[in-house]
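Below is one structure, written out as structure tokens; comments come after it.
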Amino acid sequence: MYDIKSWRHVFKLDPAKEISDEDLDKICMSHTDAIMIGGTDNVTEDNVLNLMSRVRRYPLPLTLEISNIESTMPGFDFYFVPTVLNSNDTEFHNGMLHRALKEYGHMINFDEFIFEGYIVMNPDSKVSQHTQANTKLDVDDVIAYSQMANAFYRLPVLYLEYSGTFGDLDIIKAAKSELTETQLFYGGGIDSLERAQQVSEIADTIIVGNIIYDDIKKAIKTTKIKERT
Ligand code: 1GP
């Protein structure tokens, strides 16, 4: 089984976006540690299955970040289940999860599931609007969420999500400072090796998304982060 604690770099592929075989090959043959499939809009059974079967040819850990029950299917190594800590809608805390367990709980291998606390930071992102997140957060708010994830919910992963914009390094440091057990994922606006390096010196794992579709060469360069000393 793969050890997610060792992951430093993950490419996140959006099933609703087109990617050529050539670009997908570059992504899957790069130095990334894992591929995550996930998105906010138009995530369907068809497009997840299609992307999964294309990525499955490569010997890389493959994970699904669940956005809805309909597009969740067997065949992944892990399933990340988000709980959005700063959402104003209980659906995104545990409502969807409750419905899913009621229907499928009897057939789930729980070892494959990782509960992932989200802090959504960019008010202009689709995920923020979709989950009705309260993004007006200062350093103390983020510290409190981080303590909640680490010491109270004891979540394996906390995901600081700036999707579409590059985050504030002081906020990322604050989130990390409270984590003794929980692994910090950071995603948002990583579009160069320099940014990848800056964040990977703070967060445990960086997630690179949009730049894959905007500039494949730059995306690949983000995998060249230095080994942790
Ligand atoms: C999105 O955190 C990921 O869920 C990555 O963000 O698309 O801005 O790289 P970007």
Side-chain angles (χ1 to χ4, degrees), residues 4 7-19 23-24 26-27 30 32-43 47-48 51 55 62-68 71 76 78-87 92 114-133 135 137 142 145 149 155 157-169 171-172 175-176 183-200 202-225:
I4 72 157
W7 295 354
R8 301 207 53 222
H9 183 287
V10 174
F11 275 128
K12 193 192 259 193
L13 295 171
D14 186 340
K17 290 186 182 165
E18 297 285 327
I19 184 164
D23 284 358
L24 193 64
K26 287 181 183 146
I27 291 293
S30 72
T32 194
D33 295 306
I35 303 290
M36 179 184 271
I37 291 182
T40 303
D41 289 341
N42 306 316
V43 178
N47 58 27
V48 171
L51 193 53
V55 178
L62 177 59
T63 72
L64 179 68
E65 186 172 61
I66 295 178
S67 4
N68 57 55
S71 64
F76 288 86
F78 293 111
Y79 298 82
F80 285 96
V81 178
T83 180
V84 182
L85 302 177
N86 59 330
S87 170
F92 299 101
I114 297 163
F115 204 32
E116 175 190 56
Y118 253 74
I119 311 176
V120 173
M121 298 298 295
N122 177 7
D124 300 324
S125 62
K126 278 192 267 179
V127 63
S128 159
Q129 282 146 20
H130 183 65
T131 61
Q132 294 178 42
T135 56
L137 304 179
V142 170
Y145 278 127
L155 297 167
V157 171
L158 178 65
Y159 192 135
L160 194 58
E161 171 65 294
Y162 276 91
S163 180
T165 188
F166 191 59
D168 177 334
L169 294 177
I171 295 265
I172 309 170
K176 173 66 183 170
Q183 182 172 351
L184 184 63
F185 281 17
Y186 169 89
I190 296 180
D191 56 7
S192 65
L193 176 56
E194 191 192 352
R195 284 183 167 184
Q197 188 60 48
Q198 273 181 322
V199 183
S200 71
I202 309 167
D204 299 302
T205 309
I206 60 169
I207 316 285
V208 176
N210 272 322
I211 194 69
I212 298 168
Y213 303 93
D214 295 342
D215 188 330
I216 188 74
K217 274 194 189 156
K218 282 191 185 169
I220 300 299
K221 279 193 187 148
T222 65
T223 65
K224 312 251 165 102
I225 46 179

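For ligands, and for the atoms within them, numbers begin at 1 and follow the listed sequence.
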Closest protein heavy atom (residue, atom, distance) for atom 9 (O) of ligand 1: Gly209 N, 3.0 Å
Does Tyr186 have a non-hydrogen atom less than 4.0 Å from ligand 1? no
Among Phe80, Tyr162, Trp7, whose ring pair (Phe, Tyr, Trp, His ring centres under 6.0 Å) with Phe185 holds? Phe80
Going by distance alone, is a donor N or O of one side chain under 3.5 Å from an acceptor N or O of the other, for Gln183 and Thr205? yes
Going by the angle between their ring planes, with limits at 30° and 60°, are Phe76 and Tyr79 parallel, tilted or perpendicular? perpendicular
For atom 7 (O) of ligand 1, which protein heavy atom lies nearest, and how many Å away is it? Asn210 N, 2.8 Å
Going by distance only, is there an N or O of Val208 that falls short of 3.5 Å from an N or O of ligand 1? no
Considering only heavy atoms of Gly189, which atoms of ligand 1 have at least one such atom less than 4.0 Å away? 8 (O), 9 (O), 10 (P)
Please tell me whether Asn42 and Lys17 have a donor and an acceptor in their side chains that are separated by less than 3.5 angstrom. no
Mind checking whether Ile207 has an N or O less than 3.5 Å away from an N or O of ligand 1? no
Can you report which non-hydrogen protein atom sits closest to atom 3 (C) of ligand 1, along with the distance? Tyr159 OH, 3.2 Å
Lys12 N/O to ligand 1 N/O under 3.5 Å: yes
Please tell me whether His9 and Thr223 have a donor and an acceptor in their side chains that are separated by less than 3.5 angstrom. no
Can you tell me how the ring of Tyr118 sits relative to the ring of Tyr159, calling it parallel under 30°, perpendicular over 60° and tilted otherwise? parallel
Residue pair Ser200 / Arg8: nearest heavy atoms and the distance that separates them: O-NH2, 3.3 Å
Would you mind checking which non-hydrogen protein atom is closest to atom 4 (O) of ligand 1, with the distance to 0.1 Å? Glu161 OE2, 2.6 Å
